[in-house]
Amino acid sequence: MSTALSVNLNKIALIRNSREGNFPNVYEFGELCLAAGAAGLTVHPRPDQRHIRPIDVRKLAQLCRVNSGIEFNIEGNPFAPAQGDYPGLLALVAETRPDQCTLVPDSHDQLTSDHGFDLHTTAKLLEPVIQQLKALDVRISLFMDPNPEQIRMARDCGADRIELYTGPYAQHYGTDTGRALLQQYDQAARVARECGLGINAGHDLNLSNLPDFLTITGIEEVSIGHALTVDALKMGMSAAVKSYLQICQQ
Ligand SMILES: CC(=O)[C@@H](O)[C@H](O)COP(=O)(O)O
Ligand SMILES: NCC(=O)COP(=O)(O)O
């Protein structure tokens, strides 16, 4: 089974935001990724608009919509309040109707995403959000740590998929800890399959650690941005996307 590659364009937007103007053009990089064979695009609009802005979400939604079979994935914290012209995650999702919305429990002051949901404390809060997304016919993925009990709770919440947060795996890749963690992710994926959940994965995946991670059965989609953007600085975006595709299609 091959794994779909969804390219996260956050870091293209981060470079764009470091100057006035629209260079690099996020939309053009989205076109480049799709032309290179990416199965989809991912964005993570944050209330402080440190990188992806609402206009990026709207334009990339349109780009994916006019390219048959291409998926658009919007990530974010559904409880983060509107800020400036950031209307809130659910408002953006209702407006742009992506194929998938990945709910992530990030607080506003986090440098990056660094943990999955604790559904013991958030399941009740998430359930109406999930119902709203279902009403919009948007596939729902929950950003999760590789914890079997939590993954069973994600199924009980009505999620369609989970996204395994792969930060710890990436951090310890190549060590005994990393090899032990891979077993934990494998076990978590098995539980997800038993629960009938689709399985996505993401965060700090790269050309070195991705092949071993994809030895896990049933990873439907990986969303990759940070390392892929760095690789693109070295080899160009098209070649970088194709390098990841080669691994995803093995
Ligand atoms: C949820 C996740 O792990 C990433 O998709 C996230 O988008 C990273 O956010 P930054 O690009 O803001 O670090
Ligand atoms: N959900 C993970 C994602 O979209 C990108 O994460 P990263 O590759 O930028 O760490």
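Read the numbers this way: they start at 1 and go in the same order the structure lists the ligands and their atoms. Since the structure is predicted, the reported quantities are computational estimates derived from the model, not experimental observations.
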Colleague: Applying the ring-ring contact (aromatic ring centres under 6.0 Å, His included) criterion to Y185, which one of Y173, Y165, F213 satisfies it?
Modeller: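 That would be F213; it is the only one of Y173, Y165, F213 passing the ring-ring contact (aromatic ring centres under 6.0 Å, His included) with Y185.
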
Colleague: Enumerate the atoms of ligand 1 whose separation from the nearest heavy atom of N10 is less than 4.0 angstrom.
Modeller: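 Numbered from 1, ligand 1 contributes 7 (O), 9 (O), 10 (P), 11 (O), 12 (O).
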
Colleague: Is it true that the side chains of Q49 and D85 contain a donor and an acceptor less than 3.5 Å apart?
Modeller: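 A donor-acceptor contact under 3.5 Å links the two side chains.
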
Colleague: Which residue and non-hydrogen atom of the protein lie closest to atom 1 (C) of ligand 1, and at what distance in Å?
Modeller: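 Looking at atom 1 (C) of ligand 1, the protein heavy atom closest to it is S113 OG, 3.2 Å.
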
Colleague: For atom 6 (C) of ligand 1, what is the closest protein heavy atom, and at what distance to 0.1 Å?
Modeller: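 That would be H44 ND1, 3.3 Å.
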
Colleague: Do the two ring centres, one from F143 and one from F117, sit under 6.0 Å apart?
Modeller: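 No, ring centres 6.0 Å or more apart.
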
Colleague: Could you tell me whether the side chains of Q100 and N73 share a donor-acceptor contact shorter than 3.5 Å?
Modeller: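 Yes - a donor-acceptor pair under 3.5 Å links their side chains.
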
Colleague: If you apply the rule salt bridge (charged side-chain N to carboxylate O under 4.0 Å, His left out), what do you find for D48 with R50, and how did you get there?
Modeller: CA-CA 5 Å; D48 62 12; R50 66 187 73 168; 3.0 Å; yes

Colleague: Give the contacting part of Y165 toward ligand 1: side chain, backbone, both or neither, where contact means a heavy-atom distance below 4.0 Å.
Modeller: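 No part of Y165 is near ligand 1 at this cut-off.
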
Colleague: Can a salt bridge be assigned to the pair R53 and D56 using a cut-off of 4.0 Å between side-chain N and carboxylate O?
Modeller: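 No, R53 and D56 are not salt-bridged.
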
Colleague: What atoms in ligand 1 come closer than 4.0 Å to a heavy atom of H51?
Modeller: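 By the 4.0 Å cutoff, the relevant atoms are 10 (P), 11 (O), 12 (O).
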
Colleague: Below 4.0 angstrom, N of the basic side chain to O of the carboxylate: do D137 and R97 qualify?
Modeller: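 Salt bridge: no.
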
Colleague: Among all protein heavy atoms in this structure, tell me which lies nearest to atom 3 (C) of ligand 2, with the distance rounded to 0.1 Å.
Modeller: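 Residue, atom and distance for the closest contact: S223 O, 3.3 Å.
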
Colleague: Among K134, R139, R155, find the one that has a salt bridge (charged side-chain N to carboxylate O under 4.0 Å, His left out) with D160.
Modeller: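 When K134, R139, R155 are each tested with D160, the salt bridge (charged side-chain N to carboxylate O under 4.0 Å, His left out) holds only for K134.
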
Colleague: State the atoms of ligand 1, each with its element, that fall below the 4.0 Å cut-off from a heavy-atom position in T112.
Modeller: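 Heavy-atom distances to T112 below 4.0 Å select 8 (C), 9 (O), 10 (P), 13 (O).
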
Colleague: With a cut-off of 4.0 Å, which atoms of ligand 1 are near a heavy atom of N8?
Modeller: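 Here the atoms of ligand 1 in question are 5 (O), 7 (O).
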
Colleague: Report yes or no: does a heavy atom of K11 sit under 4.0 Å from some atom of ligand 1?
Modeller: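 True for this residue.
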
Colleague: Just which atoms of ligand 2 are under 4.0 Å from any heavy atom in H226?
Modeller: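 Ligand 2 atoms under the 4.0 Å threshold to H226: 7 (P), 8 (O), 9 (O).
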
Colleague: Does a donor on one side chain sit under 3.5 Å from an acceptor on the other, for T42 and N8?
Modeller: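 No - no donor-acceptor pair under 3.5 Å links their side chains.
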
Colleague: Considering only heavy atoms, does E75 approach ligand 2 within less than 4.0 Å through its side chain, its backbone, both, or neither?
Modeller: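 For E75, only side-chain atoms sit under 4.0 Å from ligand 2.
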
Colleague: Starting from atom 9 (O) of ligand 1, locate the nearest protein heavy atom and write down its residue, its atom name and how far away it is, to 0.1 Å.
Modeller: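 Answer, as residue, atom name and distance: R46 NH2, 3.0 Å.
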
Colleague: Hey, are D118 and Q150 close enough side-chain-wise for a donor-acceptor pair under 3.5 Å?
Modeller: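 Short answer, yes.
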
Colleague: Out of all atoms in ligand 2, which are within 4.0 Å of some heavy atom of T42? Include the element for each.
Modeller: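 Once the distances to T42 are compared, the set is 4 (O).
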
Colleague: Identify, for atom 4 (O) of ligand 2, the protein heavy atom at the shortest distance, and state residue, atom and that distance.
Modeller: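 Its nearest protein heavy-atom neighbour is N8 ND2, 2.8 Å.
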
Colleague: Is ligand 1 under 4.0 Å from a heavy atom in the side chain of E75, in the backbone, in both, or in neither?
Modeller: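 E75 to ligand 1: side-chain contact only, backbone stays beyond 4.0 Å.
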
Colleague: May I ask you to check whether I224 has an N/O atom sitting below 3.5 Å from an N/O atom of ligand 2?
Modeller: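 By distance alone, the answer is no.
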
Colleague: Any side-chain donor paired with an acceptor under 3.5 Å for S113 and D106?
Modeller: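 Result is yes, a qualifying pair exists.
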
Colleague: In terms of residue, atom name and distance, what is the protein heavy atom nearest to atom 6 (O) of ligand 2?
Modeller: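 Checking every protein heavy atom, the shortest distance to atom 6 (O) of ligand 2 gives H203 CA, 3.7 Å.
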
Colleague: For ligand 2, is there an atom lying under 4.0 Å from some heavy atom of D204?
Modeller: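 Yes; D204 lies near enough to ligand 2 that a heavy-atom distance drops under 4.0 Å.
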
Colleague: For ligand 2, which atoms, with element, lie under 4.0 Å from some heavy atom of E163?
Modeller: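 Near E163, meaning under 4.0 Å from one of its heavy atoms, ligand 2 has 1 (N), 2 (C).
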
Colleague: Out of all atoms in ligand 2, which are within 4.0 Å of some heavy atom of G202? Include the element for each.
Modeller: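 Result: 2 (C).
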
Colleague: Please lay out, stage by stage, how Y244 and D231 fare under the test side-chain hydrogen bond (donor to acceptor under 3.5 Å, both in side chains).
Modeller: CA-CA 10 Å; Y244 282 87; D231 291 322; 2.5 Å; yes

Colleague: Around atom 3 (O) of ligand 1, find the nearest protein heavy atom and jot down its residue, atom name and distance.
Modeller: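 Ranked first by proximity to atom 3 (O) of ligand 1 is H203 ND1, 2.6 Å.
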
